[in-house]
Structure formats: structure tokens, C-alpha cells
Amino acid sequence: MFNIISYIIFLAVSFYITIDVGRRCFQAGKAYLEYLIHDSEMCLTINRILLGCYYLLNLGYIAVNLAFWDRVGSIEEVIAVTAVRIGYIALILCILHYMNIFTLYFLRNKLT
């Protein structure tokens with residue numbers, strides 16, 4: 001019973017964070033990419049590809065994360081396990097975001 005509760009909380013929060021951060025990065029990334037590349041059609045294409053890869057990677061990690069979930073026996077464990085798993089999702093999102101920014105920045109410097 002406690003596992004189901006923790007799964008539901010984890011999936012709801014993780015999906016919300018993933019979709020919200022992806023939408024925000026997509027919107028904010030337009031200006032950043034146009035500054036770096038100077039071709040609006042290419043920027044939109046790259047931004048869409050980055051968003052699709054971001055969703056696939058993140059939602060895949062969430063699904064795999066459920067497979068390795070330990071048995072939860074109390075409400076305290078529900079809170080602890082769910083918080084740690086959501087924290088991992090947030091850290092992965094942060095790392096992916098900065099990797100994309102630095103990669104695009106270094107590619108831009110290499111092209112100019």
C-alpha cells in the first residue's frame with residue numbers, strides 16, 4: 001500500500017517537474033539559440049530536438065527508477081524515499097540543462 005502511494009506521489013511530481021522545466025527551457029532557449037546561431041529556423045529545429053531528447057531521457061529515467069524501488073513499509077519511508085528520488089530527478093535536470101548550455105556555447109565559439 002505504501003509503495004503505491006509513493007509511486008503516485010513520485011510520478012505526479014516528477015512528471016510535473018519534467019514537463020514544466022522542459023517547457024520553460026524551450027521558451028527561454030529560443031533567445032539563447034538565436035543569439036548563438038543567428039538562424040531562426042535552425043534554432044527552432046535544434047530547440048525542438050533538444051526538447052524531445054530531454055523528455056525521452058527524463059521520462060525514461062523516471063520509468064527505470066520505478067523498477068529499482070525498495071519496499072516501503074511506513075509513511076516516514078514514503079516521504080524519505082520519494083524525496084530522495086525526486087531530488088535525483090531535479091539534479092539530473094540541472095546537469096542536463098547546463099550541459100546543453102555549455103555544449104552550445106563551445107560549439108558556437110568553435111564555429112566563429
Side-chain angles (χ1 to χ4, degrees):
M1 177 66 178
F2 289 116
N3 272 30
I4 294 173
I5 293 170
S6 60
Y7 290 163
I8 291 170
I9 293 169
F10 173 73
L11 287 173
V13 172
S14 296
F15 282 169
Y16 174 76
I17 290 172
T18 300
I19 291 169
D20 188 55
V21 169
R23 185 181 47 83
R24 288 175 190 255
C25 289
F26 181 78
Q27 293 298 324
K30 289 178 187 177
Y32 184 73
L33 284 172
E34 286 180 6
Y35 172 76
L36 292 176
I37 298 175
H38 306 297
D39 181 3
S40 61
E41 282 189 40
M42 178 67 86
C43 292
L44 184 60
T45 301
I46 290 172
N47 209 13
R48 286 181 180 155
I49 291 170
L50 286 173
L51 182 66
C53 292
Y54 163 83
Y55 282 147
L56 287 173
L57 182 67
N58 230 348
L59 296 175
Y61 176 75
I62 290 168
V64 168
N65 202 345
L66 288 175
F68 297 105
W69 204 284
D70 294 331
R71 185 132 178 93
V72 179
S74 69
I75 195 70
E76 292 87 10
E77 288 181 15
V78 167
I79 294 168
V81 169
T82 307
V84 168
R85 301 288 178 145
I86 291 171
Y88 286 146
I89 296 293
L91 286 173
I92 288 171
L93 290 178
C94 179
I95 291 167
L96 287 174
H97 175 68
Y98 282 108
M99 281 176 43
N100 283 338
I101 288 175
F102 289 131
T103 302
L104 291 171
Y105 176 75
F106 289 125
L107 284 174
R108 170 70 173 141
N109 285 342
K110 198 176 223 183
L111 293 175
T112 57

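For this chain, numbers begin at 1 and follow the sequence in order.
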Do Ile92 and Leu57 have side chains that approach each other closer than 4.5 Å (heavy atoms only, starting at C-beta)? no
Using side-chain contact (heavy atoms from CB on, under 4.5 Å) as the criterion, list what pairs up with Tyr16, not counting sequence neighbours. Asp20
Grouping I, L, V, M, F, W and Y whenever their side-chain heavy atoms are under 4.5 Å apart, do Ile89 and Ile8 come out in a common cluster? no
To the nearest 0.5 Å, what is the distance between CG (Leu66) and CZ (Arg85)? 8.5 Å
Quick one: does Asp70's side chain get under 4.5 Å of Val81's, heavy atoms only? no
Is there a side-chain contact between Glu34 and Ser40 in this structure, where contact means two heavy atoms from C-beta onward sitting under 4.5 Å apart? yes
Value rounded to 0.5 Å, distance of CG in Leu56 from CG in Leu51: 9.5 Å
side-chain contact (heavy atoms from CB on, under 4.5 Å) involving Ile86 - partner list, sequence neighbours excluded: Phe10, Val13, Ser14, Ile17, Thr82
What is the minimum heavy-atom distance between Ser6 and Trp69, and which atoms define it? OG-NE1, 3.5 Å
Residues passing the side-chain contact (heavy atoms from CB on, under 4.5 Å) test with Leu44, sequence neighbours excluded, are Phe26, Arg48
Closest non-hydrogen contact found for Thr18 with Tyr55 is O-CE2, 3.7 Å
Hydrophobic cluster identity match, Ile5 and Ile62, side-chain contacts under 4.5 Å: yes
Same hydrophobic cluster for Tyr88 and Tyr98, using side-chain heavy-atom links shorter than 4.5 Å among ILVMFWY? no
If every non-hydrogen atom of Asn47 is compared with every non-hydrogen atom of Lys30, which pair is closest and at what distance? ND2-CG, 3.5 Å
Working for side-chain contact (heavy atoms from CB on, under 4.5 Å), residues Tyr54 and Cys25: CA-CA 10 Å; Tyr54 163 83; Cys25 289; over 6 Å; no
